[in-house]
Amino acid sequence: MIPASFAYARPTSVDEALQAIAAGGEDVKIMAGGQSLIPVMRLRLAAPETVVDLTRVTELRGVREDGDSLVIGAMTTHSDILRDPLIAQYGKLIAEATETVADPAVRHRGTFGGALAHADPAGDLPAVALALDAEFVIAGPGGARRSVPASAFFVDYLTTALEEGELLVEVRVPKLGEGWGVRYEKFNRVAQAWSIVAVAAAVRREGSTIAEARIGLTNMGSTPLRATATEQALVGADVSLETVTAAAAQAAEGTEPSSDLNAQADYRQHLARVLTGRAVRAAAGL
Amino acid sequence: MTQISVRVDGASYADDVEPRTLLVHYLREQLGKVGTVVGCDTSNCGACTVHLDGESVKSCTVLAVQADGSEVTTIEGIAEGGELHPMQRAFHEKHGLQCGYCTPGMIMASIDLLKNNPNPSEAEIREGIEGNLCRCTGYVNIVRAVQQAAGEMSSTAGAQA
Amino acid sequence: MTLTEDPTTTADGPAKEVGNARLRKEDARLITGKTTWTDNMVLPGMLHMAFLRSPVAHATISHLDVSAAKDRPNVVAVYTGQDFKDEQGTIPCAWPVTPDMVNPGHPSIAVDTVNHVGEAVAIVVARTRTAAVDAVEAIDVDYENLPVVLDMEEAVKDGADLVHASTSSNTSYHFVFDAGEAGTGSDTDAAFRDAEVTVSRRFVQQRLIPAFMEPRSAVVGVQGDNYTLWSATQIPHILRVMGALTTGIPEHKLRVVAPDVGGGFGGKLQVCPEEILALLVARRLGKPVKWTETRSESLMTAHHGRDQIQYIDVAAKKDGTVTGLRVRLLADMGAYLRLITPGVPALGAFMFPGIYKFPAYRFECDGVFTNKVPTDAYRGAGRPEATFAIERIMDELAVELDMDPMELRRKNWISAEEFPFTTVAGLEYDSGDYEQATQAALELLGYDELRAEQKRRRESGDPVQLGIGISTFTEMCGLAPSRVLGSLSFGAGGWEQASIRMLPTGKVEVVTGSTPHGQGHETAWSQIVADELGVPFEDVEVLHGDTAISSRGLDTYGSRSLVVGGTAVVKAAEKVVAKARKIAAHLLEASEDDLEFSGGKFSVKGTPGAGLGIQEIALAIFAAHDYPEGIEPSIDAEAAFDPVNFSFPHGTHLCAMEVDTETGFVTIRKYASVDDIGTIVNPIIVEGQMHGGLAQGIAQALYEEAIYDADGNLTTGTFVDYLLPSAADLPTFHTGNTVHAATSNPLGAKGVGEAGCIASTPAVVNAALDAVRHLGVTDIRMPLTPERVWRAIHQGGDGGDRAAEGSNAYGGARTTESGIEEAAQ
Ligand SMILES: Cc1cc2nc3c(=O)[nH]c(=O)nc-3n(C[C@H](O)[C@H](O)[C@H](O)COP(=O)(O)OP(=O)(O)OC[C@H]3O[C@@H](n4cnc5c(N)ncnc54)[C@H](O)[C@@H]3O)c2cc1C
Ligand code: FES
Ligand code: FES
């Protein structure tokens, strides 16, 4: 199908983009890679009055270091991420998850920021961002910036802390270097599909004990979730199959996943436990 | 209407398009590049795959206005000087097509795959074309075709180096 | 791998084309994008059609106002069912399987009630597709809902809500085949009464969507009172006849062209409502029109396939000898009867006994109306359903008897010496050797090693279990002897037509009535003609798919093209040679009897070297300066072929499957099959057909299912939720052949188009069950979603119903309002 008619703006800087958004009328949609937005517009599930296309805002694209953090521009494409040397060194969890997103052609256009701003509970990157306690840098009308932690960014199904007139600029995540093991464990029925459930795990070992554990769950509710009980059970524990299995058994605590044709809620909870066990074992090098 | 200028398969075009015009519709309906086809409305099938500035994209999921100033290569532009592209030849020689509807997109995706990974394993080939659906072939011969083209293209690349 | 010696390489004589792995002629345009898909077509002044479709499954249209849409810019006309109710007739159903079958009629556009989601309610005709689509949104329509009928087992109960108020029940027909009554077998009731063992099962054949990659498209050109319909169809010839009868356009004023067609699989074996409406709109406006569907429109409104509930009972002795088979089907027709909707399950009726020597057999089928899109042919049409049921229940019987499933099959199958064999269903199987194919398949799979690994995994309690599934199958192909079709009340014959035109330069045009859509007819027919006429492969051009060029034909389906259409080509070539022989005799001044024809050349016996080529004769007869008196100056010829019997390809398919018992995820470890499809004209094409069929059969077992929610909305309305496997989801297939020529046609070909699709589904399901049977699993419903497999392992049962909600990608897009609507949150 063909999208409904809209006005189109193609700014080249963040300031221009904010102005275009402000001037765009009632129903403005920001377009990043368009890989979620264009299909939704083709199906006429969305019919914005104005589309503000960020593809020419070069300042939003790329990955840089800032002390202990990686700073990822919102318009960094999935394939940029997969080629980026800083990501390869400090952002392996992001890379692992990004590799599972869609297919190569979609990854050439789709962006890190777009995937997070879209906040699809089945999307792979929100759970990673949450597990990493990412900080979302948001620019508002007039250019003012604010920073929102991942725990506050994902508000509900397809809904984030982004307010009208705002724009996601970049995302800061801690560098995970020495000592960290990671795994993104994705479960879907065919290769190209979204996650039925997925688990993002990052584990830092100190000798034979687990010093830190970060676990994010994909598609286990209307927003990405942390498997807090499992994380707590792991920290300070021995690296052993038994402790990991026992901890993983708590992965679905507090989740309220949806039921759809791929999985009903109880099965999703079961998957969360199994996949958490697998992800943590792999991340801990078991 | 927005003015765009775009190079497609080596020729330059300047046109007025509605911003909502999808690149694939622009190619087919305004430029007559009907070799590129549409198979779905959810960006799943890959039948519409072309190269935009050298990278594979699903041309149903790019707006024509976004191609302004860019270079687009379609299935109609990869044979050079009357010589089939090695990937086209391989699809023919390995019987990598039946009805041929998925073929333009499949070939464009496969060329992109080899650009990034000149010697892919079978599993890498299968994953590399996961965004392109074929209902006829069961993919076995498509995989063989990509393997043949990879062999040929890397040996000619080696010879040139 | 081919086991029997290749029959096509003869010791002496010129190298044969048949049997040669010729690369396909049709590829040249397809790999370069120089194709002629229907949607590529642009005619001067062409208008575009878009449909408003029903968002509700069953309702009366209480209010319909199109005036705002008419006022939209670039809109030329807007029509509703009221505008066409007197001229649209009904979509034809060519197969009244019983004399008292109830057919409520099938309007192309709804007039006052809608009976399934997606039914056309209004048509916008506009200068551009965009304008047409935009204006659809301006149509004002209200519906008054009626009760929705979805579940077949509920629908056939007394007092059930009705799909059609004009009928007294939801049952369209009750079709019975009883071998005892037909005289082809003994009494089934007695067989079950006396049985030492019986096994009964209820299997579900889920609803599938053919999902050809090229969406349907139709373009109508108008020249005065002549119309040309270009359509992405498998059946231009049938469409012409039926289109003429339905619209009242005289047949000789309607030309139908199927240009390049991007797959069909039975899904384009249809007289589509949209094709009829395109003709009606073009006639009304006197202007060319085009309609091309979107994928979501296609999934929602093009006919679906399968959808049966099968109750099957088998009777046997304790030693495993089968003594009786009883099948009862509920077959979902959907809301209407389309071209062969009722015939699909009836076609399967004769295949349930499979390759086994059942003495007694009874088949009953109810065709049931529901508020869903109609079902009709999908690759295999009736035969996959039958093969699935018999191959699944043979495994169940083996379990019941504690026998090896292959041993049980071996004990009961027809042995090689018994061919030709008349089955309990009355069919005469032509040729084959099930043991030989089975041995070859076991080797190809590496059966013994995999069984050993299965044992190891079982003993160690590995969370990933391994299973091996078997399907030893046959199918009936080469549709069809016209008399048999007549006896089954089918509305047409099963012959095929071909003609050969010898051009002055020696080039050859072959006109075939079989219309390809990916099968490679142009290549295979060229090979046949090259052999028959002794002309170079390159000198042959195959013409098809245009009723103005190929005026007679019955098109491509039911693995019939080579068997029936290819034979017609052989017959036409024989006539060409016979005609040329007279001229050769005249020019060589020899008697006809003294001439031999070999390698394209007539020569006088005993004087090799001298002679006259058939291509030279073509020129000579074009000039026509010197030819015998009393014959026409032409060596062109035409032939029609009506087969005397079906052909019966068979094969053994083996699937090794890994099941992750923790998640329920299944992975095909290895797939091997050995098929006997008779003579192989082109091994590359044959292998390709096998691969594609396997992918579709496996996809039925593992991935595909059309799901309707409780309101009758199709929740698998896009490729996000209707899952087709990608390259990354399928294994490499290991295929081989044995060759036992068919006896019903001179080529010896049996048909290959459907074999893979028919055989593979039960092999895959049997494999999964074999992996987890020791955990107490007795059945898993298709498709084997991980959730179902997990539930069957851990909660018992067959995995149960899936939730009907679409996944939440794109906000849970699903087909409701004019295509797609967001899921309620
Ligand atoms: C076939 C297919 C398969 C896919 N499979 C997966 C998968 O397996 N896993 C997965 O995670 N994803 C998947 N995706 C989605 C893909 O990752 C998209 O790229 C991503 O969801 C959206 O990124 P985008 O840059 O294209 O965003 P867009 O589509 O451009 O935008 C998405 C939304 O975010 C908003 N937005 C974008 N950028 C900003 C910004 N800077 N500030 C504020 N708002 C913004 C937009 O307004 C829009 O609402 C798939 C997509 C397709 C087509
Ligand atoms: S048409 Fe572009 S992905 Fe299907
Ligand atoms: S060749 Fe027909 S869809 Fe791929």
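In what follows, chains carry the letters A, B, and so on, assigned in the order in which the sequence lines appear, proteins first and then strands, with residues in each chain numbered from 1.
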Next item on the list: Provide the closest heavy-atom pair for B/S43 versus A/P39 in the form atom of the first, atom of the second, distance.
Entry: OG-CG, 3.3 Å
Check: B/D41 and A/R44: salt bridge (Lys or Arg N to Asp or Glu O under 4.0 Å), yes or no, with the steps?
Finding: CA-CA 11 Å; B/D41 40 19; A/R44 299 209 174 179; over 6 Å; no
Notebook entry, point to check: Quick one: what part of B/Q66 sits under 4.5 Å from any heavy atom of chain A, side chain, backbone, both or neither?
Noted result: both
Note to self: What verdict does the side-chain hydrogen bond (donor to acceptor under 3.5 Å, both in side chains) test give for B/N44 and B/T42, after you've listed the backbone C-alpha separation in whole Å, the side-chain angles of each residue and the deciding distance to 0.1 Å?
What the structure shows: CA-CA 5 Å; B/N44 289 98; B/T42 47; 2.5 Å; yes
Next item on the list: Looking only at non-hydrogen atoms, find the nearest pair between B/A67 and B/L23 and report the distance.
Entry: CB-CD1, 4.0 Å
Next item on the list: Heavy-atom distances under 4.5 Å only: say whether A/T55 touches chain B with side chain, backbone, both or neither.
Entry: side chain
Checklist line | side-chain hydrogen bond (donor to acceptor under 3.5 Å, both in side chains) evaluation trace for A/R61 with A/T76 | finding: CA-CA 4 Å; A/R61 190 165 175 180; A/T76 309; over 6 Å; no
Check: Side chain, backbone, both or neither: which part of B/C60 has a non-hydrogen atom closer than 4.5 Å to chain A?
Finding: both
Checklist line | Heavy-atom closest contact (A/L158 atom, A/D120 atom, distance) | finding: CD2-CA, 3.7 Å
Notebook entry, point to check: What parts of residues 16-27 of chain A touch chain B if we use heavy atoms and a cut-off under 4.5 Å?
Noted result: none
Item checked: Pairing residues for A/K186 by the salt bridge (charged side-chain N to carboxylate O under 4.0 Å, His left out) criterion, not counting sequence neighbours -> A/D124
Checklist line | Closest approach of A/F154 to A/L116 (non-hydrogen atoms, all atoms of both residues) | finding: CE2-O, 3.6 Å
Next item on the list: Quick one: which of B/G131, B/G46, B/S56, B/P19 has the most heavy-atom pairs under 4.5 Å with chain A, could you say?
Entry: B/S56
Note to self: Non-hydrogen contacts under 4.5 angstrom with chain B: give the residues of residues 95-108 of chain A involved, or none if there are none.
What the structure shows: A/A102, A/D103, A/P104, A/A105, A/V106, A/R107, A/H108
Next item on the list: Specify which of B/T49, B/L22, B/V38, B/L113 makes the most heavy-atom pairs with chain A at under 4.5 Å.
Entry: B/L22
Note to self: Counting only heavy atoms not in B/K33 (residues, nucleotides, ligands), do more than 12 fall under 6.0 Å from its NZ?
What the structure shows: yes
Checklist line | Residues forming a salt bridge (charged side-chain N to carboxylate O under 4.0 Å, His left out) with A/R109, sequence neighbours excluded | finding: none
Note to self: salt bridge (Lys or Arg N to Asp or Glu O under 4.0 Å), that's the test. Do B/E122 and B/R126 meet it? Break it down for me.
What the structure shows: CA-CA 6 Å; B/E122 179 182 335; B/R126 287 181 177 275; 2.8 Å; yes
Margin query: If only side-chain N and O atoms count, and only distance matters, is there a donor-acceptor pair under 3.5 Å linking B/Y26 with B/S59?
Written below: no
Next item on the list: Please look at B/V62 and chain A and tell me whether the side chain, the backbone, both or neither of the residue comes under 4.5 angstrom of a heavy atom of that chain.
Entry: both
Next item on the list: Kindly give the heavy-atom pair with the smallest separation between A/Y184 and A/L93, and that separation in Å.
Entry: N-CD1, 4.1 Å
Checklist line | Options B/D68, B/I129, B/L133, ranked by heavy-atom pairs under 4.5 Å with chain A, top entry | finding: B/D68
Check: Is it the backbone or the side chain of B/E55 that comes under 4.5 Å from a heavy atom of chain A, or both, or neither?
Finding: both
Checklist line | Shortest non-hydrogen contact between B/L97 and B/T137, atoms and distance | finding: CA-CG2, 3.9 Å
Next item on the list: Pick one of side chain, backbone, both or neither for A/M31, based on which atoms fall under 4.5 Å of a heavy atom in chain B.
Entry: side chain
